[in-house]
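The structure appears right after this line, and notes come after that.
The basis for the numbers below is simple: all heavy atoms, side chains too, and nothing from hydrogens, waters or symmetry mates.
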Amino acid sequence: MTEVQLNAMEERPPLAAARGGFAKLLQVEVPADAICWHRFFGALQLALICLLFLSGALMAFAYTPVPGTAYDSVDYFQFSLPLGNVVRGVHHYAWNLLLVVMGLHLLRALIVGAYKAPRQIVWISGVAFFLLMPLFIITGDLLPWDQKGYWSTQVRFSIIASIPVAGDFLVQLFRGGPLTGIVALTRLYVLHILLLPCALVLLIGLHLYFLATRGLSEPLSGNTTPRPRVPFMPVIVNRWLALFIVTTIGLGLVVWQWPAALGDPADPTDSAFIPRPEWWVLFLNQLVAIFKGPFMVLGSAIIPGGLVFLLAALPFLDRSPERRPSKRMGVMIATAVFLAALAALSVMGYVEHFMRPEH
């Protein structure tokens, strides 16, 4: 190309816009404590999501969404391909850790009053993000087509069916017929690898945008001294990369010691198989078990839905500008009662499903 052609290319709007956007990004400064020892849960969530996307993409290369063949493809990937057990193990442990980190992140924001004005929309987008993640687990459990995943999905379909008005429609939408077969596997696979990731990326983008426009929550000390600021690039980006590397190595060591389990192939005729719920859903399973028969909807929809509504509406229920926990005893007591009930139901569920001889 001639020099005139190169200059003309450089002046094209897309290239100029990209160059200008990158230059502006280099000038962005954020509070120095955006990622620090007491404020890193959000950055850790992003690191875990990146690991889940990367490991999931690698597994998708070898996966076949057909009953029977699906199990063989997962078995081949984990036990025959180089580092396949590490990749699947990282995917397995990353979502477990992600649920814990999300809960801690939400709890910290609640305790320090980070949901108060002008950050209400930041809180609401965070709650939406928190609610989206379990859908990845629900849609992903069936994909290996093993006994645990198949029968856990059957239990979840029965719980969804108890939801008034929309329950049967949702089950038919996910399952595509009277039985859980290739249609259900294909639909959950598409949700898991395409639709839900797109929704997640959109939510992450909105959450980061709201953070950038509404700002991080101020320290509770009430100190009016301006907070130190550092360049977003490279300081904050380097901190995040360090966190990503440490997280990757840590999960890799865990997987090396405790590989992810893969049970027997799914047998739709084995109705005697009793799936044990995952730790994160023990409380919900126990809640459903308490309200049986016509009252099942209380445990499957009304109580969980009411709690989610209260959580999302918290910025509008607690409008006082006070953020110190000692001055918000009503919210703190309600949070403590909720956590105590969550722990009690989880312990009851653990005893029911893991300690009784019949299980």
Side-chain angles (χ1 to χ4, degrees), residues 38-42 44-45 48 93 95-116 119-120 122-138 152 155-156 159-160 162-163 217 220 275-293 295-320 322-356 359:
H38 61 85
R39 193 203 289 264
F40 69 94
F41 289 138
L44 182 54
Q45 286 182 67
L48 291 170
Y93 285 107
W95 72 252
N96 278 276
L97 181 57
L98 179 59
L99 290 178
V100 175
V101 174
M102 284 195 306
L104 293 174
H105 185 58
L106 203 64
L107 181 61
R108 179 193 178 277
L110 190 151
I111 291 175
V112 303
Y115 57 84
K116 292 181 176 289
R119 306 182 72 256
Q120 300 97 321
V122 179
W123 171 265
I124 293 173
S125 64
V127 171
F129 172 80
F130 184 79
L131 295 176
L132 182 65
M133 291 311 301
L135 295 178
F136 278 93
I137 304 169
I138 293 171
S152 294
V155 171
R156 287 166 185 157
I159 294 175
I160 294 173
S162 70
I163 300 175
S217 59
L220 292 176
R276 293 178 175 178
E278 299 286 352
W279 63 268
W280 64 275
V281 80
L282 279 171
F283 73 95
L284 186 57
N285 275 50
Q286 195 60 28
L287 196 62
V288 171
I290 292 174
F291 299 98
K292 298 180 179 179
F295 300 103
M296 183 179 178
V297 66
L298 290 173
S300 63
I302 295 178
I303 293 178
L307 291 173
V308 169
F309 174 78
L310 291 175
L311 191 65
L314 184 58
F316 310 101
L317 299 175
D318 179 17
R319 299 183 180 182
S320 69
E322 182 60 62
R323 292 179 51 227
R324 288 173 293 179
S326 60
K327 301 295 184 181
R328 296 184 293 121
M329 293 307 299
V331 175
M332 294 299 100
I333 292 174
T335 302
V337 170
F338 170 76
L339 292 177
L342 195 70
L345 288 171
S346 297
V347 170
M348 291 168 62
Y350 180 82
V351 172
E352 174 74 20
H353 293 280
F354 291 90
M355 297 185 66
R356 290 191 174 179
H359 292 288

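- Counting heavy atoms from C-beta outward, L98 and M133 have side chains that approach closer than 4.5 Å.
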Practice prompt. Report the C-alpha separation of F283 and Q286 in whole Å, then their side-chain angles, then the decisive distance to 0.1 Å, and conclude whether the side-chain contact (heavy atoms from CB on, under 4.5 Å) test is met.
Written response: CA-CA 5 Å; F283 73 95; Q286 195 60 28; 5.8 Å; no
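- Evaluation of the side chain to side chain contact (heavy atoms under 4.5 Å, CB included) rule for T335 yields L107, L110, V331, L339 as partners, not counting sequence neighbours.
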Practice prompt. Test H105 against F130 for side-chain contact (heavy atoms from CB on, under 4.5 Å), laying out the working first.
Written response: CA-CA 10 Å; H105 185 58; F130 184 79; over 6 Å; no
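- Residues W123 and A109 share a closest heavy-atom pair of CZ3-CB, 3.8 Å.
- Taking every heavy atom of both residues into account, I163 and A301 meet most closely at CG1-CB, 4.0 Å.
- Summarising the geometry, atom CG belonging to L314 is positioned 12.0 Å from atom CZ belonging to R319; distances are rounded to the nearest 0.5 Å.
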Item to complete: Before giving the answer on side-chain contact (heavy atoms from CB on, under 4.5 Å), spell out for W280 and W95 the whole-Å C-alpha distance, their side-chain angles and the decisive distance to 0.1 Å.
Response: CA-CA 11 Å; W280 64 275; W95 72 252; 3.7 Å; yes
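- Residue I160 holds its CD1 atom at 6.0 Å from CD1 of I138, rounded to the nearest 0.5 Å.
- Considering CG of D318 and CZ of R323, their distance stands at 11.5 Å, rounded to 0.5 Å.
- Put simply, the side chain of W279 never gets that close to the backbone of S346: no donor and acceptor are under 3.5 Å apart.
- Using modelled atom types, one side-chain atom of R328 and one backbone atom of I111 make a donor-acceptor pair closer than 3.5 Å.
- The CZ atom of R324 sits 13.5 Å away from the CE atom of M329 when rounded to the nearest 0.5 Å.
- With a 4.5 Å cut-off on side-chain heavy atoms, R39 and S217 count as touching.
- Remark: F295 CZ to I302 CD1 distance equals 10.5 Å, nearest 0.5 Å.
- Between L106 and L311, the closest side-chain pair of non-hydrogen atoms falls below 4.5 Å.
- The shortest heavy-atom contact between L284 and P304 is CD1-CG, 3.7 Å.
- Considering every non-hydrogen atom in both R156 and I137, the closest pair reads NH1-O, 4.2 Å.
- Residues P325 and L220 have side chains in contact (heavy-atom distance under 4.5 Å, counting atoms from C-beta outward).
- Here the shortest heavy-atom pairing between V101 and Q45 reads CG1-CG, 3.6 Å.
- The two atoms that bring Q120 and P315 nearest to each other are CG-CB, 3.5 Å, heavy atoms only.
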Practice prompt. Apply side-chain contact (heavy atoms from CB on, under 4.5 Å) to I290 and L345, showing your working.
Written response: CA-CA 10 Å; I290 292 174; L345 288 171; 3.8 Å; yes
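- Counting non-hydrogen atoms of other residues, nucleotides and ligands closer than 6.0 Å to CZ of F316 gives a total above 12.
- Side chains of E352 and L282 form no contact here, defined as non-hydrogen atoms less than 4.5 Å apart.
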